[in-house]
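Written below as structure tokens is the structure these notes are about.
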Protein chains: 2
Amino acid sequence: MRYPPGKKEQNRKQLLLASGRTAKRDGFAASGVDGLMKAAGVTSGAFYSHFSSKSALLKALIESELLASRNMWAGNPHQTAEDWLDFELDRYLNLGHVQHPEAGCVLPPLAAEIARADAPVRELFEAELVKGQQILAQRLHSEEMAWAFICQLVGTILLARAIPNEATQNAVLEASKRFLKDALAQRSPTGAE
Amino acid sequence: MRYPPGKKEQNRKQLLLASGRTAKRDGFAASGVDGLMKAAGVTSGAFYSHFSSKSALLKALIESELLASRNMWAGNPHQTAEDWLDFELDRYLNLGHVQHPEAGCVLPPLAAEIARADAPVRELFEAELVKGQQILAQRLHSEEMAWAFICQLVGTILLARAIPNEATQNAVLEASKRFLKDALAQRSPTGAE
DNA sequence: GTCTATAGGCTGATAGAC
DNA sequence: GTCTATCAGCCTATAGAC
């Protein structure tokens, strides 16, 4: 055959990476298929050899993006639950994350669009989200706390991005960061596991 | 004159109310001017006698919706800070709120679109949001806690709506509700002001 | 102030050359 | 597998009748 066996899969990966960045920056619905594909360097015609519809792309995008987020967590160098969580809070609740949605978490920019998507998309989303929540629950020793943390993180970046004034953005970020760190400290006051 | 003096203003109010519901349910960008106006019972031609552009409508919508939210808070019957906050948490972190975005808070469905809007829209948004944050700060005796609460509330509804399974939606809602109520109890353990 | 009609551009998706 | 060319349908915004 003309192409090595993994070539199509590799193209698909590149396509998901590029269109993920565009969708997170400009919105998924607002980005036409042409626009999403231009970032990947191909045309809309080529798109349909990889996905049956735009909705199928959204599904693949969610899977790819949430997997990437879990992979970032896996690269966290800290061992104790306290250090591990501190590191992730600082990484997420960060002005750089506010200013660069294209390189950040998929949840703040696209959750509202997922909420309006069809059932297959939302079911995949729930399954992938729960995987992340379970990882967090292990570190927090609480499934409930894990949900609360995720909600706080996502809401903070979402609102900070809608605010134009950088000082106010920082106030929001720092407020949430201290709120979560206080909640952690209260649960393990001595730093013990 | 043919119309009573306040007629146009009244029409405008009705138009904002109806298009607010549509925008919160289907998204602002995804709802065409025709669609937004159909809900108000007029056509796209009439729209441009009230607003110079679709962006101007978004600005007016944000002002109208956040004012409506503050008016809801003003109707809270409780006096003590603890009861007042409990009441609002129960009202916001509610399955009904998850299932009926058209009647709910504007932040979860539209914040991501506001973040991508032009400067005048975002500046108005910040000013209106801070008004609400200040009201909450009075009740919480902390500007910082007020920001953290808002972020938690918005993130929770946003994520719960993207999740299809009602049991999981409830788990997310209850997790955030307990998290916030615990934070409140810790700050005023005896229930004192 | 509201309507209908219309303009020019962009959308998601398909057909066929290579 | 990717390209160009193309479809019908939607978008924002405007013009002019009433």
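Chain identifiers are assigned alphabetically (A, B, ...) following the order of the sequence lines, protein sequences preceding nucleic acid strands; residue numbering begins at 1 within each chain.
Between B:Asp34 and B:Thr43, the side chains place no donor N or O within less than 3.5 Å of an acceptor N or O (distance only, hydrogens not considered).
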Next item on the list: Determine, stepwise, if the pair B:Glu166 / B:Gln99 fulfils side-chain hydrogen bond (donor to acceptor under 3.5 Å, both in side chains).
Entry: CA-CA 10 Å; B:Glu166 191 171 303; B:Gln99 292 168 341; 3.3 Å; yes

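Distance check: B:Glu88 CD to B:Asp83 CG gives 12.0 Å after rounding to the nearest 0.5 Å.
Salt bridge present: A:Lys131 and A:Glu128 bring a charged side-chain N and a carboxylate O closer than 4.0 Å.
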Nucleotide by nucleotide, nucleotides 4-12 of chain D touches protein heavy atoms under 4.0 Å in the pattern (B base, S sugar-phosphate only, - none) B------SS

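Annotation for A:Arg178: atom CZ does not count as buried by contact number, only 12 or fewer foreign heavy atoms lying within 6.0 Å. The number of heavy-atom neighbours closer than 6.0 Å to NZ of B:Lys177, taken from other residues, nucleotides and ligands shown, is above 12.
In this structure, A:Glu9 atom CD and D:dG1 atom P are separated by 12 Å, rounded to whole Å. Summarising the geometry, the separation between NE2 on A:His50 and C1' on C:dA13 is reported as 16 Å, rounded to the nearest angstrom. Rounded to an integer number of Å, the gap from A:Gln10 CD to D:dT2 P is 11 Å. Rounded to whole angstrom, the span from the CZ atom of A:Phe51 across to the C1' atom of C:dG12 amounts to 15 Å. Summarising the geometry, the separation between CZ on B:Arg12 and P on C:dT2 is reported as 12 Å, rounded to the nearest angstrom. A:Phe47 has its CZ atom 9 Å from the P atom of C:dG12, to the nearest Å. Taking atom CG of residue A:Leu57 and atom P of nucleotide C:dT11, one finds them 15 Å apart after rounding to whole Å. Across the protein-nucleic acid pair, A:Asp26 atom CG and C:dT11 atom C1' stand 15 Å apart, rounded to whole Å.
Distance from the side chain of B:Ser49 is smallest for C:dG1 among the nucleotides C:dG1, D:dC3, C:dC3.
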